[in-house]
Amino acid sequence: MIELAGLTKRYGSFTAVDRLDLTIRRGEIFGLLGPNGAGKSTTILMMLGLTEPAAGKVEVCGINSTTHPLEVKRKVGYLPEDVGFYDNRTGLENLIYIARLNGLTPDRAKEKALMLLERVGMSAEAGKKTGNYSRGMRQRLGLAEVLIKSPEVIILDEPTSGIDPAGVREFMELIHRLSREEGITVLFSSHHLHQVQQICDRVGLFVKGRLIAEGDVGSLSQKLFGGDYLMVKARTEKEPSPALLKTLQATEGVHAVQYREGLYLIECTRDVTPLIAETLVKSGSGLTYLQKTEYGLDDIYNRYFS
């Protein structure tokens, strides 16, 4: 659905996006992750045909965004960090206006606006002036506006900025549900690691205009930490006998076993957590705690930066 090849954008001597290659599949939620100023928004502007690349090619829904920007805009919904509405009009009136601009008849515009307000959980606020909306309510209305044209692709640029934690959770669940139920492709640009990991199928780490890594969290973790030992921690009611420690050490896949301050520290060459649990339970030691090390997006992000 989105294909970038050698995409480059320069402002004078400054390179904002540097030879970007990226493919995003239909129905996928892709997280473009990077610090502010990394070039994420510039990349999005080129996808939408709002600025021209210095080099390379960008296609969205099979359409060249540089040469046919209007056709791309008909198929793509864009939700920026700060959505603009007419504050003296209600949420419903704003949506109807946008629907009419997209070519819907008056009756169809109202029908679809009401349906989308319900879809994003804003029916109760439909008659309120948008000038009185909270930040979270404006973003929900913005998502309804994006959906007016029944897009094949939705691009979200830092959409949760300034929303309280409960509002962020609801918004993210809504995005995930939309993608799964309607097969919409989503590009989610953010610098919030937890949010990206929460809903994205794959992520791309974007730094200083370059995509330095791309893949799902599992594959990135394996690539970065595959040479490290997997650590399994366990706690039992009874202290281990020398025989139990020897049995654990002899387990296939176990590299080293330590017992410190009531905690087993077991280094493994692969995931043998079930075998460790079985050994501890059969020993009658009274297993009370078991945890294996799992690397999240935060660990991956920090390792790449280091």
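Every heavy atom of this structure was used, including side-chain atoms; hydrogens, water molecules and symmetry mates were not.
Hydrophobic clustering, with ILVMFWY side chains joined whenever heavy atoms are under 4.5 angstrom apart, keeps L104 apart from Y97. No single ILVMFWY cluster, assembled from side-chain heavy atoms under 4.5 Å apart, contains both Y289 and I266. Under the 4.5 Å side-chain heavy-atom criterion for ILVMFWY residues, a single connected hydrophobic cluster contains both M115 and L178. The cluster map of Ile, Leu, Val, Met, Phe, Trp and Tyr, joined by side-chain heavy atoms under 4.5 Å apart, puts V232 and L245 in the same cluster.
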Open item on the list: If you apply the rule salt bridge (charged side-chain N to carboxylate O under 4.0 Å, His left out), what do you find for R169 with D164, and how did you get there?
Closed with: CA-CA 9 Å; R169 184 175 62 254; D164 63 81; over 6 Å; no
- [ ] Report the C-alpha distance between L143 and L116 in whole Å, list the side-chain angles of each, state the deciding distance to 0.1 Å, and finish with yes or no for side-chain contact (heavy atoms from CB on, under 4.5 Å).
- [x] CA-CA 9 Å; L143 187 56; L116 288 172; over 6 Å; no
Task: Test side-chain contact (heavy atoms from CB on, under 4.5 Å) applied to M46 and L7, step by step - done: CA-CA 9 Å; M46 288 189 283; L7 196 62; 3.7 Å; yes
TODO: Apply side chain to side chain donor-acceptor pair (under 3.5 Å) to D107 and T105, showing your working.
DONE: CA-CA 6 Å; D107 288 345; T105 64; 5.9 Å; no
- [ ] List the steps, then state whether side chain to side chain donor-acceptor pair (under 3.5 Å) holds for S150 with K112.
- [x] CA-CA 10 Å; S150 301; K112 192 161 188 181; 2.6 Å; yes
Task: Steps toward side-chain contact (heavy atoms from CB on, under 4.5 Å) verdict (Y78, M47) - done: CA-CA 10 Å; Y78 172 53; M47 289 181 189; over 6 Å; no
- [ ] Take V254 and E267, measure what side-chain contact (heavy atoms from CB on, under 4.5 Å) needs, and give me the verdict at the end.
- [x] CA-CA 6 Å; V254 171; E267 292 182 356; over 6 Å; no
- [ ] Kindly indicate, with the supporting measurements, whether the criterion side chain to side chain donor-acceptor pair (under 3.5 Å) is fulfilled by K9 and T51.
- [x] CA-CA 9 Å; K9 180 65 178 180; T51 187; 3.0 Å; yes
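Distance check: L248 CG to Y264 OH gives 6.5 Å after rounding to the nearest 0.5 Å. With values rounded to the nearest 0.5 angstrom, Q291 atom CD is found 11.0 Å from M231 atom CE. Atoms CD and CD1, on E145 and I98 in that order, are 4.0 Å from each other to the nearest 0.5 Å. The CD1 atom of I44 sits 10.5 Å away from the CG atom of L79 when rounded to the nearest 0.5 Å. Here CG of L141 is found 6.0 Å from CG of N94. Values are rounded to the nearest 0.5 Å. Here M122 contributes atom CE and R140 contributes atom CZ; the two are 7.5 Å apart, rounded to the nearest 0.5 Å.
A donor-acceptor contact shorter than 3.5 Å is absent between the side chain of S65 and the backbone of L48. With hydrogens and angles disregarded, a donor-acceptor distance shorter than 3.5 Å links the side chain of S134 to the backbone of M137. D21 places a side-chain N or O within donor-acceptor distance of the main-chain N or O of G6, the cut-off being under 3.5 Å. In this structure, the side chain of S179 does not engage the main chain of I175 through any donor-acceptor pair within 3.5 Å. In this structure, S285 contributes its side chain and V281 its backbone to no donor-acceptor pair below 3.5 Å. In this structure, S241 contributes its side chain and L244 its backbone to a donor-acceptor pair below 3.5 Å. The main-chain N or O of R108 is never found under 3.5 Å from a side-chain atom of E111 such that the two would form a donor-acceptor pair. Between the side chain of T185 and the main chain of G27, a donor-acceptor pair closer than 3.5 Å is present. Under the 3.5 Å distance criterion, the side-chain polar atoms of E52 are left unmatched by any main-chain donor or acceptor of T67. Although no hydrogens or angles enter the test, the distance criterion places no donor-acceptor pair under 3.5 Å between the side chain of R260 and the main chain of L265.
With a 6.0 Å radius and a threshold of 12 heavy atoms from other residues, nucleotides or ligands, K129 has its NZ atom at or below the threshold. Shown here is Q249, whose CD atom has more than 12 heavy atoms of other residues, nucleotides or ligands within 6.0 Å.
For S41 against D157, the heavy-atom pair with the smallest separation is OG-OD2, 2.8 Å. The shortest heavy-atom contact between T130 and T90 is CG2-C, 3.9 Å. Minimum heavy-atom separation, E125 to Y133: O-OH, 2.5 Å. The shortest non-hydrogen separation linking I276 to C268 is CD1-SG, 3.9 Å. The heavy-atom pair separating I184 from P151 by the smallest distance is CG1-O, 4.0 Å. Pairing each heavy atom of G262 with each of R235, the nearest pair is O-CG, 3.4 Å.
Side chains of E3 and T23: a donor-acceptor N/O pair is present below 3.5 angstrom, by distance only.
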For residues 29-36, run the donor-acceptor check on the side chains, cut-off 3.5 Å, and write out each pair with its distance to 0.1 Å, sequence neighbours left out.
none

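Taking a cutoff of 4.0 Å between a charged side-chain nitrogen and a carboxylate oxygen, R26 and E28 do not qualify as a salt bridge. Taking 4.0 Å as the cut-off between side-chain N and carboxylate O, K282 and E278 count as a salt-bridged pair. A salt bridge does not link R202 with D216: every distance from a Lys NZ or Arg NE/NH1/NH2 to an Asp or Glu carboxylate oxygen is 4.0 Å or more.
A cation-pi geometry, defined here as NZ or CZ lying under 6.0 Å from the six-membered ring centre and within 45° of its normal, holds between R89 and Y86.
The salt bridge (Lys or Arg N to Asp or Glu O under 4.0 Å) check on K128 picks up nothing, with sequence neighbours excluded.
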